[in-house]
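Counting starts at 1 for both ligands and their atoms, in listed order. Count residues from 1 along the sequence.
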Amino acid sequence: MIIVINGSQWGDEGKGKVVDLLADRFDIVGRFQGGHNAGHSVYVGDKAFVLRLLPSGIIHEGTVCVLGNGMVIDPKAFFEEVDQMIEQGISITPERLKVSSRAHLIMPYHRALDHTSEERLGNEKIGTTLRGIGPAYEDKAGRRGIRVADALVPEVLKSRIERNLEEANRIIVTYGQQPLYADQIFEEISALAERLRPFVTETSAFYAEAKRQKKNILLEGAQATLLDVDHGTYPFVTSSNATAGGASVGSGIPPHHITGVLGIVRTYATRVGEGPFPTEMLEEEEDMANLIRTRGNEFGSVTKRPRRCGWFDAVATRYSAELNGYDSLALTKIDVLDALDELKVCVGYMIRGERVDTFPAVSSDLRQIEPIYETLEGWKEDTLGITDIDELPAKARAYVDFLSESIGVEIGLISTGPERDQTIILKDSVMESWFTGNDQAAIDS
Ligand code: GDP
């Protein structure tokens with residue numbers, strides 16, 4: 001089976017835990033877009049792993065991990081993360097970590113350009129992570145990018161750096177920063193590329209062979225659906241396709257070979273950085289936002305920045321479900337809501353006095369949304385660590401069913417805490433078939 005997993009909202013839905021749970025069932029876990037801006041936290045026993053670039057599967061010794069062609073890779077950040085993992089006792093070898101020869105490299109001038117980009121955008125600031133990811137994708141689309149394979153040929157690497165740096169330096173200097181030097185960049189990157197060489201693989205051919213051998217493959221999205229460059233809240237989005245379609249392009253796996261799509265939804269919403277957020281808890285609901293933020297530990301896993309918190313947005317999540325073609329959903333963090341008297345769910349949008357049923361394309365419209373809420377009763381009981389659906393309080397069950405119906409997709413997994421075993425898997429769900437390896441669509445294909 002080949003399953004895509006991604007976040008249905010604006011990220012931080014708790015995908016790390018679900019991928020970690022599934023990784024045992026999969027031979028290969030690959031990423032297909034983004035760079036070292038993912039920021040998953042995975043807890044195993046008393047060990048905490050923070051993964052930015054590597055797939056969460058790397059923690060499972062038996063799993064082979066792939067960085068796909070759709071990604072942008074900062075070779076320095078790559079080895080920092082690899083070295084950190086090795087220090088934490090994870091074995092990382094070219095046998096179990098493959099880097100696509102067609103992935104683009106993030107160069108030192110991309111980081112410098114990222115620092116100028118927010119200034120260039122003026123009041124349409126995006127709140128990027130300043131790691132050079134956006135500028136690297138700009139160069140990819142502008143056909144100036146340097147790919148992993150290029151960096152392995154010194155003459156090619158040198159001439160591309162020289163050509164690109166001239167233009168990059170013009171911008172960097174205009175914004176009052178120090179110019180960079182081609183020789184220094186060449187030395188740094190060619191040394192890193194040599195270290196990278198054993199990991200470099202024709203990953204689409206690797207996947208094709210894996211498929212012939214009937215291996216199970218999990219394709220892990222980073223960021224989330226509403227941050228997709230085409231379908232998200234543009235321009236407040238990431239630079240790549242985080243939706244399920246991106247998994248095919250960004251891995252080189254034919255779309256019809258993908259056998260299932262799993263969406264991660266959280267019982268409430270959060271958003272990091274700028275950008276429209278229709279169900280955000282504003283000043284009058286500040287106490288509620290603080291409660292959820294504290295109970296859910298909604299602070300950036302790398303930056304520690306407090307995340308904006310909001311109510312569950314069923315309109316946006318239904319939009320995500322249709323875009324991705326979700327077969328089953330994992331609902332995370334139900335325990336965070338245990339303390340609440342009432343829960344609001346956004347079931348419709350009003351814009352300038354008119355009801356809209358689709359997710360608006362224009363960010364100024366998104367900012368004018370007045371959410372239409374339905375209010376459900378809170379359960380006010382402890383759900384932390386429940387593993388059996390029959391033990392879930394009836395009102396919690398009603399909340400789960402209400403979300404599933406409004407999104408239009410089954411909820412096959414409920415996460416009741418950060419640990420692996422704090423999980424309910426629903427019997428006879430599509431989700432269960434992925435956990436047991438009895439996915440009929442995959443067996444038939
Ligand atoms: P990701 O990038 O989508 O994996 O999001 P994060 O790394 O920010 O993960 C969300 C955080 O929530 C992590 O600290 C997880 O351990 C934690 N988490 C995941 N699922 C649950 C859950 O069901 N309940 C609670 N309380 N925490 C959870």
Output yes when [X] and [Y] qualify as a salt bridge under the 4.0 Å nitrogen-oxygen rule, no when they do not.
X      : Y      : answer
Asp74  : Arg111 : yes
Asp401 : Lys395 : no
Lys98  : Glu202 : no
Lys380 : Asp341 : yes
Arg308 : Glu280 : yes
Arg307 : Glu298 : yes

Check ligand 1 against Asp12 and write out every atom of the ligand that is under 4.0 Å from a heavy-atom position of the residue. 1 (P), 3 (O), 5 (O), 8 (O)
Can you find an N or O of Gly417 that's nearer than 3.5 Å to an N or O of ligand 1? yes
Arg307 near ligand 1 by a heavy-atom separation under 4.0 Å: yes
Heavy-atom contact under 4.0 Å between Thr416 and ligand 1? yes
Honestly, for Leu384 the part within reach of ligand 1 (heavy atoms, under 4.0 Å) is neither
For ligand 1, the portion of Asp335 having any non-hydrogen atom under 4.0 Å away: side chain
So among Thr423, Leu329, Thr332, Leu392, which one has a side chain to side chain contact (heavy atoms under 4.5 Å, CB included) with Ile414? Leu392
[atom] - nearest protein heavy atom and its distance:
atom                    : answer
atom 7 (O) of ligand 1  : Ser41 N, 2.8 Å
atom 12 (O) of ligand 1 : Lys333 CE, 2.9 Å
atom 23 (O) of ligand 1 : Ser415 OG, 2.5 Å
atom 14 (O) of ligand 1 : Tyr43 CE1, 3.5 Å
atom 2 (O) of ligand 1  : His40 ND1, 2.8 Å

Of the listed options ([options]), which comes nearest to [atom] when hydrogens are ignored and any heavy atom counts?
atom                   : options                     : result
atom 3 (O) of ligand 1 : Arg295, Gln9, Glu419, Lys15 : Lys15
atom 9 (O) of ligand 1 : Ala330, Gly7, Gly14         : Gly14
atom 4 (O) of ligand 1 : Gly16, Gly221, Gly296       : Gly16

Parallel, tilted or perpendicular: which one describes the rings of Trp379 and Tyr399, with boundaries at 30° and 60°? tilted
Do the rings of Tyr349 and Phe359 sit parallel, tilted or perpendicular, given the 30° and 60° boundaries? tilted
